[in-house]
Amino acid sequence: MADKFDFKAAEARWQSAWAAAGSFAADDHSPRPRTYVLEMFPYPSGRIHMGHVRNYTMGDCLARTRRAQGFEVLHPMGWDSFGMPAENAAIERGVHPGNWTRDNIAAMRAQLKRLGFAFDWGRELSTCEPEYYGHEQALFLDLLAAGLVYRKDSAVNWDPVDMTVLANEQVIDGRGWRSGAIVERRRLNQWFMRITDFADDLLAGLQTLDDWPDKVRLMQENWIGRSQGLRFSFAVADSDSSFDVFTTRPDTLFGASFAALAPEHPIARALAESSPGLAAFIAECRAGGTATADIEGQDKKGYDTGLCVIHPLDDSIRLPLFVANFVLMDYGTGAIFGCPAHDQRDLDFARKYQLPVTRVVAPEGEAETAITDTAYTGPGRLVHSGFLDGLDVDAAKATVIARAESAGWGEGTIVWRLRDWGVSRQRYWGTPIPIIHCNACGAVPVPRDELPVILPEDVSFDIPGSPLAHHPTWKHVACPACGKPALRDTDTLDTFVNSSWYFIRFASAPVDQPFDRAVAEQWLPVGQYIGGVEHAILHLLYARFWTLALNRIGRLGVTEPFAGLFTQGMVTHETYSRDGGEGVATRYFSPDEIDRDGSGATLKADGLGVAVGRIIKMSKSKRNTVDPDTILVKYGADAVRWFVLSDSPPERDLAWSDAGIEGAARFVQRVWRLASEPRPIIGIGIGIGRGEDLKLARIVHRCIAAITADLDRLQFNKAVARLYELVSAIERAEPSTIRDDAIPTLLRLIAPMTPHLAEEAWATLGQPGMIIDAGWPLADPLLLLDDMVTIAIQINGKLKDSFEAAKGADRAAIEAAVLMRDKVVRALAGKAPQKIIVVPDRLVNLVA
RNA sequence: GUGGACGUGGCGAAACCGGUAGACGCAGCAGACUUAAAAUCUGCUUCCCCCUGUGGGAGUGCGGGUUCGAGUCCCGCCGUCCGCACCA
């Protein structure tokens, strides 16, 4: 009996063997075809979680497969190591963010190494180190010089107690998450990146990304939000002021019954100075506006300014001008015209303030149907619209735009939902913005030879507010332009900036510049990028933007960073809980406090039952997490890797279960037995020439072809099923030379998934070298063909029988064979079928 | 509200261009080996009916349709999940 697979020894042995051989170092000068496999790099929060394990196992499996197939593979790993959790740890536990982060990185790196991932550790980077962010500062200045970075006033969420800016997610019910203080909106002067300059390119580029999920492309498309319409000017009656509005429905202009301004609109604010009522209304809107999501229930509210605007198509028509809470300052022009009959919001508003509702678009044959409480937004022809009457909607839009342009009061235009990216953060743990503010010279870039601007580590978190702003000396510098005393910008860059170009730095990381264009372009774009859907919009959009921006300023010849994108599902687990009773919070228990059997679960501590709840994403608050380290010690890296690739399709959620990981561990041992079982001694006529096994050879080659195709499409679960079949077939086969060959072939196919097992078994079989260098098996086309096929027999589309026939048999022979089958004769009861449909080598359908 | 995805056994899932639904795994049941257990191996496992066999019927969320033939295509519902959310 063979020994059990000693995963602990094998993992250590092969991980150091790969490291010693430099097996995963990507060679910039390789003559082989290149491919770049990348998983989204982690934030170093402290520990690897199962979601990481799943993500990196998929990438690893692909990287190893590509390497075996002869590619020079770039498969790097690094750390997205700036961010708020480090600052929170500093505030809560008094540890320095840098120490906290670097300790976490060391721990997580060790965890990743124990999982045996084929990373090129020589290219490891950490965004919180000056060797990385210094180059980011240089690129920031490049973009500034190119006009793609600018400064403007912008509103932020300000926590008056913590004296800090809050992200939207940190504002809960209008209060700071930590202080509980009511959040104020403050206007600060901040840096912006001109992503809107690329709105067109970002949208058009999506069409070229065939290997992206449709879902993500659609989400980005909606986020960019292109609207085509008319921008025109309303003159305010009896005054010289006017303002612009944007509409996608210029055809409905004759249905207008009011105009409305956003509460933050400059004209509204100007009017408020002489109108206490309006000022109060604007203040009221601002109070309600902070809580973002529950706008749903909010009523349409308006304030009648008493002024009128002049209708652009007929200056005898005057429309009342309102300030209204549902008009957004940051979309379009912050002002609208209201056409109640054809816009639901306008209709709600008009009903509330008794404004006229005039239908101007009518579907064929329904011209005079009155609008009641539902606006009509469908197609139709124009009515009650003067020179537009009888035109369809599209023709009417074009006619109005043409008239506006020739008369000079408006123009056809495109409006985007996408807004410029504010990158200033009033935070410590981030990339310092390399700017010096001088009273005389304004915002002056830090000279290139003074980069990097190093984030000082001797800071205090004792007083509220930004440690950078409080630092006694750091911000005080001489202006590089005039030499007078000046101040550094004490803001840092949004962490999304760090992740917007790291994939380029992985491809090329010279000391003296962000990247070498020629070297980077050898690897880019990333062939396969793998990560969670939660980054479908922001990270992926920003990275695309940076790539386009670097392209525009001539630093990079690539326009899309990620040719292929895959978004994997989450790792989930059952929850275990006890209801605390009235007024007491539900208690959750972690899986290792629980005994689970088929029917229910009990708590180990007291032997009493607990409720088994829904299978949801692993989270600390529901205590349904499983620590990869515990699993690794108990079952080994290969079992974990095998399990996270099994069962669920990679894009769907994977439910973690003890039974599942145990099954995976059993399978690892099963494969080990195949390779390690005592083999007949070669020589003296025994053990060689034991004959052929064509059936097994066919199965082996079908599996090679199928597994190769499955891995190509990242369908790991299907490859896993095929490998089970192959193992099973080899186990059952009688000894033969085919069987002896099948085992190393199996090992090569399984190596990307369970690499330590594969190496160990490969060595045990006495195969030459390491399996990592053994290449990928190729399917023999001749063995993929079968000479016999099973043909199904249907009568009226229902399966009745089936039989074996020679592949490629002709119709007449097949028909004759079918008509002689007992069951067919019985079912037809003497009658001839009306029609016989023959699908070659597949089935015959008799229509009775 | 709006855009999208999905819905197949006890569970996770397969099923190519419309062509034998449930591969493969988990759980379960029965058996072999064992003093016993673990491990391992073999067999069964969609549901219902009966004349219990080389038998019959139903079946992919529900209701229609197209087709010789629909899990797959079309129309209408229901449900679940995700994104966006007053976008003019």
Side-chain angles (χ1 to χ4, degrees), chain A residues 1 4 213-216 218-223 225-227 229-230 245-249 252 260 262 289 292-296 298-300 324-328 330-339 342-346 348-349 415-419 533-534 536-537 597-599 615 642-643 646-649 651-655 657-664 666-667 669-670 673 709 715 717-728 731-732 790-802 822-823 833-848:
Chain A
M1 188 61 190
K4 288 190 78 175
D214 290 343
K215 179 173 69 173
V216 175
L218 193 69
M219 281 163 74
Q220 292 216 349
E221 196 180 311
N222 292 338
W223 188 263
R226 181 182 196 272
S227 294
L230 171 70
V245 300
F246 172 75
T247 177
T248 56
R249 294 297 302 272
T252 64
T292 36
D294 47 9
I295 299 159
E296 177 91 344
Q298 216 167 318
D299 252 4
K300 305 273 175 290
N325 66 343
F326 68 95
V327 182
L328 306 175
D330 47 22
Y331 181 79
T333 61
I336 60 157
F337 85 86
C339 175
H342 305 291
D343 182 285
Q344 192 59 46
R345 287 161 313 177
D346 295 349
D348 295 344
F349 189 80
V415 159
W416 305 89
R417 202 192 92 105
L418 185 69
R419 285 181 277 147
V533 238
E534 65 272 22
I537 296 175
D597 63 31
S599 53
I615 297 177
W642 183 256
F643 178 65
S646 309
D647 288 351
S648 285
E651 69 278 11
R652 247 184 264 181
D653 290 352
L654 172 74
S657 71
D658 288 349
I661 182 67
E662 275 162 21
R666 276 202 301 274
F667 177 74
Q669 294 297 340
R670 203 172 141 196
R673 279 195 296 277
Q715 296 177 327
N717 58 320
K718 287 160 73 175
V720 162
R722 289 292 186 170
L723 283 162
Y724 272 110
E725 284 179 50
L726 181 55
V727 166
S728 185
E731 282 172 344
R732 287 151 195 263
T790 306
I791 293 184
I793 303 173
Q794 296 179 335
I795 293 178
N796 293 330
K798 298 206 174 199
L799 181 70
K800 291 291 169 187
D801 198 3
S802 66
D822 279 355
K823 289 185 189 172
Q834 293 174 11
K835 195 171 168 188
I836 304 178
I837 286 141
V838 179
V839 183
D841 295 338
R842 275 216 99 120
L843 66 68
V844 176
N845 189 15
L846 306 173
V847 185

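Just so it is clear: chains get the letters A, B, ... in the order the sequence lines come, proteins before strands, and each one is counted from 1.
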Practice task
Kindly indicate whether the side chain of A/Lys215 and the base of B/C82 share any N or O donor-acceptor pair separated by less than 3.5 Å?
Solution key: no
Completion exercise
Residues passing the side chain to side chain donor-acceptor pair (under 3.5 Å) test with A/Thr248, sequence neighbours excluded, are none
Exercise for the section: Could you check whether A/Leu328 gets within reach of a base, just the sugar-phosphate, or nothing at all, counting any heavy atom under 4.0 Å? Expected result: base
Exercise for the section: Could you tell me which residues satisfy side chain to side chain donor-acceptor pair (under 3.5 Å) with A/Glu725, sequence neighbours excluded, listed by chain and number? Expected result: none
Problem - A/Ser227 and A/Tyr331 side chains, donor-acceptor separation under 3.5 Å - result: yes
Exercise for the section: Examine B/C24: is either OP1 or OP2 under 4.0 Å from a nitrogen or oxygen in the side chain of A/Ser728? Give yes or no. Expected result: no
Handout entry: Footprint string (nucleotides 9-20 of chain B, 5' to 3'): B base within contact, S backbone only, - free, heavy atoms under 4.0 Å
Key = ---BSSS---BB
Exercise for the section: Using a cut-off of strictly less than 4.0 Å, decide whether A/Arg417 has a side-chain nitrogen or oxygen near OP1 or OP2 of B/A85. Expected result: yes
Short N/O separations, protein against nucleotides 36-43 of chain B, under 3.5 angstrom:
none

Practice task
Output yes when at least one side-chain N/O atom of A/Lys800 is less than 4.0 Å from OP1 or OP2 of B/G56, else no.
Solution key: no
Tabulate protein N/O versus nucleotide N/O from nucleotides 46-52 of chain B, keeping only pairs under 3.5 Å, one per line.
none

Problem - Nearest listed nucleotide, side chain of A/Val327, among B/A88, B/G3, B/G55 - result: B/A88
Completion exercise
Writing each nucleotide of RNA chain B 5' to 3' as (, ), [, ], | or . by Watson-Crick or G-U pairing under 3.5 Å yields (((((((..(((......[....))).(((((.......))))).(((((..).))))..(((((..]....))))))))))))....
Practice task
Remember a base hit wins even if backbone is also touched, and classify A/Tyr724 as base, sugar-phosphate or nothing at under 4.0 Å, heavy atoms.
Solution key: sugar-phosphate
